[in-house]
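Step one of this worksheet: look at the structure below.
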Amino acid sequence: ADLLISTVDAPLPEPCVLIHPFPQKQDFAAIQTQIKKIRQKKERDLVSKTFLSYFNRDFFLRSTQYDSHALIRQMCAQVIGQQYATEDFTQRVLLRETMADTAFGAVAMPHALSFSTLKSFLSVAICDPPILWGHSAKKVQLVILIGTNSKERRTFSRIMDLLIEVVSDAANVAELERCENYDAFIDRFEPEAVFSALAEIYLFAGSPRIPIYSAQGTKKGGCPMVAFTAKIIEPVGLHARPAAVAVTEASKFQSDITV
């Protein structure tokens, strides 16, 4: 059973909720809290398992490229050669970079505007030495090329939320940059290594209601927050860089934020 509910105070396997023989309001609240935790854990476990499936040993490299566009072309050639994307994928990714480069911090996440790859994937390059990325000339050490198949858009959106959460943490990025090979890189994404650290701030996406944090609460220090509503009108949703900025800012608050 996922959850045991008992009126007898006796040793029982977890998770278990002890309630009054005549249930009170607080009993129902305790049950609802446990159900929420169980659902979130199942969601995290499912996403973490699915998350790793989008990486591919053939799409991992340590790069000495000094030009961001040259690296993009190299990474795109890999996925095109394995029939994960069509021949025009490189052009579409470079076109996206001309609009605004995709670097934030020491990470770049190049991608095409449309969800039109043959298969969804995450291709990784660790840059040693760091590469100056696009117009911003940020020093980038970790590049994750993103490809999304339209049929997997809903599932992949959850994966992207988790990925952004991971790479928004400088400590996580530093660990990933030190990986010498694919196996070491994937090991960093084992649930105990990364996913457990996200338990309190996990992002759920892919449905009309996307709970991310609370809309009202208090900032660290006790100052009241202001609730507001914003609508994202971009057809492809929130891009990686502004999403990462939002996550970083939200982590300063002791609250639940709903998006």
Side-chain angles (χ1 to χ4, degrees), residues 38-63 71-72 74-86 89-90 92-93 96 102 107-126 142-169 172-173 175-199 201-207 210-212 236-240 243-244 247:
I38 291 168
R39 284 177 174 170
Q40 290 181 349
K41 182 181 184 303
K42 285 187 173 184
E43 185 75 9
R44 285 195 301 273
D45 290 345
L46 176 61
V47 172
S48 65
K49 180 179 179 181
T50 306
F51 178 79
L52 296 178
S53 71
Y54 287 105
F55 290 100
N56 187 315
R57 186 179 299 275
D58 294 332
F59 302 156
F60 178 91
L61 61 92
R62 291 193 64 89
S63 173
L71 179 57
I72 287 174
Q74 181 181 359
M75 297 176 76
C76 288
Q78 287 180 321
V79 298
I80 293 170
Q82 294 284 347
Q83 298 185 334
Y84 275 67
T86 55
F89 182 64
T90 304
R92 290 188 286 114
V93 174
R96 168 63 182 86
T102 53
V107 181
M109 301 176 71
H111 56 278
L113 284 175
S114 59
F115 298 90
S116 57
T117 55
L118 302 176
K119 301 176 186 177
S120 296
F121 62 84
L122 296 169
S123 175
V124 177
I126 296 175
L142 176 63
V143 180
I144 303 177
L145 175 66
I146 301 164
T148 312
N149 179 275
S150 59
K151 293 180 180 179
E152 297 178 320
R153 177 176 178 176
R154 178 165 299 214
T155 301
F156 203 74
S157 67
R158 301 184 180 189
I159 302 305
M160 285 306 303
D161 286 338
L162 181 55
L163 180 62
I164 290 168
E165 187 69 48
V166 172
V167 300
S168 295
D169 187 315
N172 286 338
V173 174
E175 285 291 323
L176 294 171
E177 289 167 357
R178 286 194 286 268
C179 296
E180 293 293 331
N181 53 53
Y182 175 80
D183 291 327
F185 184 86
I186 290 300
D187 284 345
R188 293 295 188 275
F189 282 105
E190 289 303 316
E192 291 302 317
V194 174
F195 296 120
S196 60
L198 307 178
I201 49 175
Y202 182 75
L203 308 182
F204 294 94
S207 61
I210 308 178
I212 297 188
V236 297
L238 193 61
H239 289 291
V247 168

Worksheet item: Is there a side-chain contact between Phe60 and Asp183, using heavy atoms and a 4.5 Å cut-off?
Response: no

Worksheet item: So, do Leu122 and Phe59 sit near enough that their side-chain heavy atoms are less than 4.5 Å apart?
Response: no

Worksheet item: What is the distance from atom CD1 of Ile144 to atom OG of Ser123, rounded to the nearest 0.5 Å?
Response: 9.5 Å

Discussion item. Rounded to the nearest 0.5 Å, what separates atom CE in Met109 from atom CD1 in Ile146?
Written reply: 3.5 Å

Worksheet item: Are Ile126 and Ser63 side-chain neighbours, meaning at least one heavy-atom pair lies under 4.5 Å?
Response: no

Worksheet item: Which residues satisfy the side chain to side chain contact (heavy atoms under 4.5 Å, CB included) test with Asn149, sequence neighbours excluded?
Response: Thr117, Ser120, Lys151, Glu152

Worksheet, complete the sentence: The ring-ring contact (aromatic ring centres under 6.0 Å, His included) partners of Tyr54 (sequence neighbours excluded) come to Phe156

Worksheet item: What is the distance from atom CZ of Arg62 to atom CD of Glu177, rounded to the nearest 0.5 Å?
Response: 9.0 Å

Discussion item. So that I know where these two stand, are Phe121 and Phe55 an aromatic pair - ring centroids less than 6.0 Å apart?
Written reply: no

Item to complete: Taking side chain to side chain contact (heavy atoms under 4.5 Å, CB included) as the test, write out the residues that go with Ser150, two or more places apart.
Response: Phe115

Discussion item. Per the side chain to side chain donor-acceptor pair (under 3.5 Å) rule, what does the pair list look like for residues 75-84, sequence neighbours excluded?
Written reply: Asn56-Tyr84

Discussion item. Less than 4.5 Å apart, side chain to side chain, heavy atoms only: is that true for His111 and Val93?
Written reply: no

Worksheet item: Looking only at side chains, do Ser114 and Arg92 share a donor and an acceptor under 3.5 Å apart?
Response: yes

Worksheet item: When you look at Arg188 and Val166, which way does the side-chain contact (heavy atoms from CB on, under 4.5 Å) test go after all the steps?
Response: CA-CA 10 Å; Arg188 293 295 188 275; Val166 172; over 6 Å; no

Fill in: Student check: side-chain heavy atoms of Thr90 and Met75 closer than 4.5 Å
no

Worksheet item: With a 4.5 Å heavy-atom cut-off, do Val167 and Leu142 have their side chains touching?
Response: yes

Worksheet item: Side-chain contact, heavy-atom cut-off 4.5 Å: Cys76 with Leu145?
Response: yes

Discussion item. So, using salt bridge (Lys or Arg N to Asp or Glu O under 4.0 Å) as the criterion, who are the partners of Arg178 when residues are at least two apart?
Written reply: Glu175

Discussion item. Any heavy-atom pair between the side chains of Arg57 and Ile186 that's under 4.5 Å?
Written reply: no

